[in-house]
Protein chains: 4
Amino acid sequence: MSLAAIETQSQEPVKNGRKSASEVPDTRFDRRLADVLTHASRIFWEKGYEGASMRDLSRATGMSLAGLYHYFESKEELLYLIQKHTFTTIIERLRQRLEDATDPEERIRIFIHNHLEYFLANKEAMKVLTHEDETLKNGRGAEIAAIKRDYYRICLGLLEELGRAQGLQFSGRLAVLSLFGMVNWIYTWHNPRIDADANSLARQMGDLFLHGVIHAAKPKRKNSKRKL
Amino acid sequence: MSLAAIETQSQEPVKNGRKSASEVPDTRFDRRLADVLTHASRIFWEKGYEGASMRDLSRATGMSLAGLYHYFESKEELLYLIQKHTFTTIIERLRQRLEDATDPEERIRIFIHNHLEYFLANKEAMKVLTHEDETLKNGRGAEIAAIKRDYYRICLGLLEELGRAQGLQFSGRLAVLSLFGMVNWIYTWHNPRIDADANSLARQMGDLFLHGVIHAAKPKRKNSKRKL
Amino acid sequence: MSLAAIETQSQEPVKNGRKSASEVPDTRFDRRLADVLTHASRIFWEKGYEGASMRDLSRATGMSLAGLYHYFESKEELLYLIQKHTFTTIIERLRQRLEDATDPEERIRIFIHNHLEYFLANKEAMKVLTHEDETLKNGRGAEIAAIKRDYYRICLGLLEELGRAQGLQFSGRLAVLSLFGMVNWIYTWHNPRIDADANSLARQMGDLFLHGVIHAAKPKRKNSKRKL
Amino acid sequence: MSLAAIETQSQEPVKNGRKSASEVPDTRFDRRLADVLTHASRIFWEKGYEGASMRDLSRATGMSLAGLYHYFESKEELLYLIQKHTFTTIIERLRQRLEDATDPEERIRIFIHNHLEYFLANKEAMKVLTHEDETLKNGRGAEIAAIKRDYYRICLGLLEELGRAQGLQFSGRLAVLSLFGMVNWIYTWHNPRIDADANSLARQMGDLFLHGVIHAAKPKRKNSKRKL
DNA sequence: TATGAATGAGTGTTCATTCAT
DNA sequence: TATGAATGAACACTCATTCAT
């Protein structure tokens, strides 16, 4: 699913988008808008949502200020579109990859890998997602929050599968949020020149997280020497 | 160490260096400025650094706009002071608590507990620290970055102690940054009404992290059945 | 005379003078444009000429922004067309009704009634006429001003007839403009639910005005007690 | 009461107007703001409220755009201040002049004269008052509407006095609103070079209106020939 | 010590209008 | 005949900051 696609989709209710009968997507049209969103993503990443001005976007995209408003209702809509696209894409990919796997550990590793792979390839989007978490208001904010909750629930579900399979007892919430912290934090430190790639990172973080969960949550055996 | 103290200290070079060495510190004065920083912290937390205006701060503190500039060079200095104070305080506390402990695992648990305890009590500061990571420019930015590196190195050191003690082999960098992710992320989700307190959280995260590190990094024993 | 007609008429010189004399008028076409003017009238009334945007008009009429410009040169032309139509219509009706009456008082009552009746039925147009009095520039402004002067002169003529018939001496100008004030002001206060209809209003205002003029202007008789 | 005075008064709740202990009005300060209001009045008159830009006001007053906002919350507040001042002043003057007169006719003539005199001397204010009748929103709009109703009621009261004194029967509402129309309309036509001054105009309009009311409302005598 | 006054530069957004199709 | 795309100029308003007092 391309940025253009999601953009077009959300563009529907805006203005009087006629959208001709035959519905052949005008790719030249869509590409233009997708471009804008890509640039916007970068600018929001560099300067933050508040710090970025529509004039910055105008400059970056080569589109006039008023032209921007021809396509997008407001600065907030740009943020919304970016966040929605990002979340939708990552969830969609995750679902596809999860289809083939049944082993609970494997499935969690898929989750981690999917997350890291996407965000290492789209670091800007990642920061925009996490930094501008509470920026969107009302309807748009609620919509993104709902998608985010979906993502959370998927991960929680995976963890519960694992728990059932191995007879573990632990707080799913804490585990999920700890995992989210680990994998989300990368945008603050990952340097492609010195740090491992998504595959390697996913394996290492998977090891760390899964061993942590499994051993920490294993019902104490009688002869376990000491607390840890 | 009070906010007032750090503030005063950094205020020294500013403008009319009236504050000669021998002078008894005017605590009424200091308290006022500490108040300003506390309010500023809250406002930056609520609106972000860019989103917060000096007028917002003026309103929140009850000090006139010009009054703010009488004490603080610029909006950026306020951010700098807050970040410096936060980091300095947390590191200082950590060092004190570390003094009494020698067991490597115990020391890492102290690190985690210290971090969570401070940030659960100062959630605003936390967000201001992590969100406005790259906001400070030049000298001030470099100074904060240096303190941050200190903090990172302390944590890395603790991990290396553990590795040596237990004969583990793992990437310290990845482990530290994963841990940072886990503990820093709390400001995005911690709800005092439903989530555990710092002690409990520190114990659980400590379990998760330490089991993860130790078991994931343990040199494979010959008879280890399976990958995990 | 329909709005469409006047519109068409003034449209003649615009752009591609396609509309050759012999052509049968396309009424479907005309009705569309008349509709636009009716809507425009309402929007100008609600928001004022300056406050109304072409986008408002586009929305209200369902015609695209560019479509509006296809038929009308500019926003100013829309105002011009509305004002011209309104004035032309009211004068035309007045002339018809005046044809049958000869009594000077009767003729003034016809003037008042015609004015009130039209404007009570077209309150929007009325406000657009009086509020946007000086908005039109150059040629268009002059043309409307000329029509307005016509209307003024007709009324002045009626008053002079009355003066001659009854041997009155008074300032026609002041009387006309006082009358205009009385009857034009209604758009600011008339509430169809509590105020009388055009017939009743015309009678009452006619009484007030005519008694006022006649008694105030009657050459003093020797035994008139006092000024009033 | 000077423009400065009313301005100062309404300025009180704005921002943190400290307003020193002794309360000696700083006339230099007030004069500046009164100046701004006078200029604003003129600009609103020339271009209408919507058509006038804050930049126009900035240019006209010689004060920077941001400076304007230092003193006035918004463009709307400027309009409010002008309207409030105008209405308050004219009502205050009216009340003073009414104090000495007891004859009902005389009192109505005072009303007319007061109105015309003020508005011939302040034609801008007049247009701003009548044209921007519905511009103010919410609280400010309600406040001005209340003052306006006061003014209406005073006039209605005067007419009822006259009715009682002379045993007339007529719609007070219609009479008041007709009178308002007559006297308010002058701003559309009065040309000081060719038209009479306030005194003369007030006398003539007074004659017209009073004769109109009295003769139109006089209970029909048996031998009155015909309707008029 | 502390503030009201003042501002140049910038904000997000809307304007009337043009033009290729 | 009719419209989507596009824009330069303007809009009301806010910004961080300075300065005289």
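In what follows, every chain begins at residue 1, and chains take the letters A, B, ... in the order their sequences are listed.
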(message) So that I can tick it off, tell me whether B/Lys84 and B/Glu77 are bridged by a salt bridge, with the cut-off set at under 4.0 angstrom between side-chain N and carboxylate O.
(response) no
(message) Quiz question: by atom type and distance under 3.5 Å, do the side chains of A/Tyr49 and B/Glu50 form a donor-acceptor pair?
(response) no
(message) Looking at F/dA2, I'd like to know if its phosphate oxygens (OP1 or OP2) sit under 4.0 Å from a side-chain N or O belonging to C/His70.
(response) no
(message) Between P on F/dA12 and CZ on D/Arg59, what's the gap in Å once rounded to a whole number?
(response) 11 Å
(message) Regarding D/Lys137 and D/Glu76, does a basic nitrogen lie under 4.0 Å from an acidic carboxylate oxygen?
(response) no
(message) Tell me whether the side-chain N/O atoms of B/Ser53 come closer than 4.0 Å to OP1 or OP2 in F/dC15.
(response) yes
(message) Applying side chain to side chain contact (heavy atoms under 4.5 Å, CB included) to D/Leu57 and D/Val36, what does each step give before you reach the verdict?
(response) CA-CA 8 Å; D/Leu57 299 185; D/Val36 170; over 6 Å; no
(request) To the nearest 0.5 angstrom, please state how far the CG atom of A/Leu68 sits from the CE atom of A/Met54. (result) 4.5 Å
(request) Under 4.0 Å from any atom of DNA chain F, heavy atoms only: list the residues of residues 40-48 of chain A that qualify, in numerical order. (result) none
(message) Without decimals, in angstroms, what is the distance between A/Leu57 CG and E/dG12 P?
(response) 8 Å
(message) Quick check for you: to the nearest 0.5 Å, what is the distance between D/Leu37 atom CG and D/Thr61 atom OG1?
(response) 10.5 Å
(request) Would you tell me if any nitrogen or oxygen in the side chain of D/Arg32 comes within less than 4.0 Å of OP1 or OP2 on E/dA5? (result) no
(request) Assign each of B/Gly62 and D/Met63 to its nearest nucleotide of DNA chain E by heavy atoms, then name whichever residue's nucleotide is nearer the 5' end. (result) B/Gly62
(message) Could you report the tightest heavy-atom contact between C/Arg32 and C/Gly62, atom names first, then the distance?
(response) NH2-O, 4.3 Å
(message) Rounding to an integer number of Å, can you tell me how far C/Asp56 CG sits from E/dT14 P?
(response) 11 Å
(message) Keeping D/Gln83 on the side-chain end and D/Val128 on the backbone end, is there a donor-acceptor pair under 3.5 Å?
(response) yes
Please tabulate, for the side chains in residues 40-48 of chain D, all donor-acceptor contacts under 3.5 angstrom to protein atoms that are two or more places apart in sequence or on a different chain.
{"from": "D/Arg42", "atom 1": "NE", "to": "D/Glu46", "atom 2": "OE2", "distance (Å)": "3.3"}
{"from": "D/Lys47", "atom 1": "NZ", "to": "D/Asp56", "atom 2": "OD2", "distance (Å)": "3.3"}

(request) Using the closest heavy atom to pick a nucleotide of DNA chain E for each, name whichever of A/Ala52 or C/Glu50 lands nearer the 5' end. (result) A/Ala52
(message) So, using ring pair (Phe, Tyr, Trp, His ring centres under 6.0 Å) as the criterion, who are the partners of B/His39 when residues are at least two apart?
(response) none
(message) Both D/Gly51 and A/Ser64 contact DNA chain F. Taking the nearest nucleotide for each, which residue is further toward the 5' end?
(response) A/Ser64
(request) Whole angstrom is fine here: how far is it from CZ in A/Phe72 over to C1' in E/dT14? (result) 18 Å
Between the protein and nucleotides 17-21 of chain F, which nitrogen or oxygen pairs come in under 3.5 angstrom?
{"from": "F/dT17", "atom 1": "OP2", "to": "B/Tyr69", "atom 2": "OH", "distance (Å)": "2.8"}
{"from": "F/dT17", "atom 1": "OP2", "to": "B/Lys75", "atom 2": "N", "distance (Å)": "3.1"}
{"from": "F/dT17", "atom 1": "O5'", "to": "B/Tyr69", "atom 2": "OH", "distance (Å)": "3.4"}

(request) Report the residues that fulfil salt bridge (charged side-chain N to carboxylate O under 4.0 Å, His left out) with D/Lys75, sequence neighbours left out, ordered by chain and then residue number. (result) none
(request) Give the rounded distance in Å between these two atoms: OH of D/Tyr71 and P of E/dG4. (result) 11 Å
(message) Can you give me the dot-bracket string for DNA chain E, 5' to 3', counting Watson-Crick and G-U wobble pairs with both distances under 3.5 Å, using [ ] for crossing pairs and | for partners on another strand?
(response) .||||||||||||||||||||
